[in-house]
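None of these values were measured; they are calculated from a predicted model.
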Amino acid sequence: MKVRELHAAEAGHAVDAVFHGLSARSRYLRFHAPVPRLTASMRRRLTDLDGHRKVAVVAECRRTPVGIARLIATGEDTAEIALAVVDPWQRKGVGTELMAALGRLAVDLRYAELHGDVLGENEPMLRLVARVFPGARLTRDEDDVIRVSYPLNYRLTHEDLVADLRW
């Protein structure tokens with residue numbers, strides 16, 4: 001299995017493959033609602049990648065997409081994250097690899113905090129979050145949705161400071 005950044009030109013194929021590899025239950029857990037099909041507007045949103053405010057990583061096995069993790073900026077230095085892994089590849093480390101790669105990419109892009117919503121019943125995802133983002137803050141709302149917040153600690157280097165100077 002290989003994990004790499006997903007680019008806009010190839011995102012449609014990856015999104016379609018992963019969506020069709022999800023059971024009705026997995027779609028419900030990912031989208032927090034029954035989603036029997038991928039609508040055109042959903043597909044547009046999921047494939048809209050710009051390399052900074054909207055990025056994704058894909059896991060592939062023999063060039064077949066088996067999972068996608070996305071990051072969507074919600075502020076200047078905060079971003080929402082989401083994950084989907086096709087059913088046959090769940091609980092095999094794919095989600096862990098995808099989220100770890102997304103976390104590294106978020107640090108490279110200088111995000112300070114990642115957040116996401118997980119249904120309270122989605123215990124495998126909550127265990128994955130605890131493994132990949134130890135110390136994440138979990139806040140449960142009245143609808144049993146858990147908001148995960150994780151501050152990133154990236155190191156600002158001398159080169160970063162020089163690159164950011166405005167003359």
Side-chain angles (χ1 to χ4, degrees), residues 1-119 121-129 131-133 136 145-150 152 154:
M1 179 193 60
K2 177 182 176 182
V3 175
R4 63 178 180 81
E5 187 171 351
L6 183 62
H7 301 285
E10 61 188 344
H13 167 70
V15 165
D16 292 343
V18 171
F19 184 85
H20 293 296
L22 299 174
S23 65
R25 174 79 176 147
S26 292
R27 290 176 187 169
Y28 173 78
L29 292 173
R30 163 59 179 91
F31 296 104
H32 300 197
V35 180
R37 65 183 182 82
L38 187 61
T39 65
S41 64
M42 284 177 63
R43 189 174 190 275
R44 272 192 302 278
R45 278 195 320 272
L46 293 172
T47 59
D48 181 16
L49 303 174
D50 65 13
H52 188 269
R53 298 195 51 83
K54 300 172 190 172
V55 298
V57 291
V58 61
E60 298 170 316
C61 180
R62 297 186 182 125
R63 296 186 185 174
T64 300
V66 297
I68 297 174
R70 292 178 37 86
L71 176 151
I72 299 102
T74 56
E76 188 65 32
D77 63 355
T78 61
E80 181 177 12
I81 56 175
L83 172 71
V85 175
V86 300
D87 283 36
W89 283 85
Q90 290 177 10
R91 293 177 187 82
K92 295 183 179 180
V94 176
T96 300
E97 291 294 322
L98 283 167
M99 288 303 254
L102 195 63
R104 289 188 299 272
L105 185 56
V107 168
D108 290 347
L109 294 171
R110 298 185 186 173
Y111 284 95
E113 184 172 282
L114 299 178
H115 60 88
D117 293 332
V118 179
L119 292 177
E121 65 195 84
N122 194 349
E123 292 177 15
M125 179 57 109
L126 293 170
R127 286 192 301 271
L128 183 151
V129 165
R131 206 170 36 253
V132 177
F133 301 124
V145 174
I146 298 172
R147 168 57 61 106
V148 175
S149 299
Y150 184 70
L152 296 170
Y154 65 88

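For residues 82-93, the set of pairs meeting the salt bridge (Lys or Arg N to Asp or Glu O under 4.0 Å) definition, not counting sequence neighbours, is empty. The stretch residues 19-35 participates, sequence neighbours left out, in these salt bridge (Lys or Arg N to Asp or Glu O under 4.0 Å) pairs: Arg25-Glu121. Residue pairs meeting the side chain to side chain donor-acceptor pair (under 3.5 Å) criterion with at least one partner in residues 59-72, sequence neighbours excluded, are Arg4-Glu60.
Under the rule for a side chain to side chain contact (heavy atoms under 4.5 Å, CB included), the partners of Ala79 that lie at least two apart in sequence or sit in another chain are Leu71, Tyr111, Leu114. Shown here are the side chain to side chain contact (heavy atoms under 4.5 Å, CB included) partners of Leu126, two or more places apart in sequence or in another chain: Val118, Ile146.
Between atom CD of residue Glu80 and atom CD of residue Glu113 there is a gap of 12.0 Å, rounded to the nearest 0.5 Å. With rounding to the nearest 0.5 Å, the separation of CG in Leu109 from CZ in Arg104 is 13.0 Å. Atoms CG and CZ, on Leu119 and Phe31 in that order, are 12.0 Å from each other to the nearest 0.5 Å. If you take CG on Asn122 and CG on Asp117, they are separated by 12.0 Å, rounding to the nearest 0.5 Å. Rounding to the nearest 0.5 Å gives a distance of 11.0 Å between CZ of Phe19 and OG of Ser26.
Counting all heavy atoms, side chain and backbone alike, Ala59 lies closest to Leu98 at N-CD2, 3.5 Å. Between Pro65 and Val58, the closest heavy-atom pair is CB-CG2, 4.0 Å. Across all their heavy atoms, Gly95 and Leu128 have their closest contact at C-CD1, 3.4 Å. Shortest non-hydrogen contact noted between Val148 and Ala136 is CG1-CB, 4.0 Å. Annotation for Val86 and Ala17: closest pair CG1-O, 4.1 Å, computed over non-hydrogen atoms.
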Donor-acceptor pairs are to be reported for all side-chain atoms of residues 45-52 against protein atoms at under 3.5 Å, with residues two or more places apart or in another chain.
unit_1 : atom_1 : unit_2 : atom_2 : d
Thr47  : OG1    : Arg43  : O      : 2.8
Thr47  : OG1    : Arg44  : O      : 3.4
Asp48  : OD2    : Lys54  : NZ     : 2.5
Asp50  : OD1    : His52  : N      : 2.8
Asp50  : OD1    : Arg53  : N      : 2.8
Asp50  : OD1    : Lys54  : N      : 2.9

Leu105 vs Val107, test: side-chain contact (heavy atoms from CB on, under 4.5 Å). Steps then yes/no. CA-CA 5 Å; Leu105 185 56; Val107 168; over 6 Å; no
Which is it for Leu29 and Met125 under the side-chain contact (heavy atoms from CB on, under 4.5 Å) test, yes or no, and what are the steps along the way? CA-CA 9 Å; Leu29 292 173; Met125 179 57 109; over 6 Å; no
Using the side-chain contact (heavy atoms from CB on, under 4.5 Å) rule, take Ile81 and His115 through it: C-alpha gap first, then chi angles, then the decisive distance, then the call. CA-CA 6 Å; Ile81 56 175; His115 60 88; over 6 Å; no
Quick one: do Val57 and Ile68 satisfy side-chain contact (heavy atoms from CB on, under 4.5 Å)? Show the steps, please. CA-CA 6 Å; Val57 291; Ile68 297 174; over 6 Å; no
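A donor-acceptor contact shorter than 3.5 Å is absent between the side chain of Glu97 and the backbone of Val3.
Side-chain contact between His13 and Asp16: absent, with no pair of heavy atoms (C-beta onward) separated by less than 4.5 Å.
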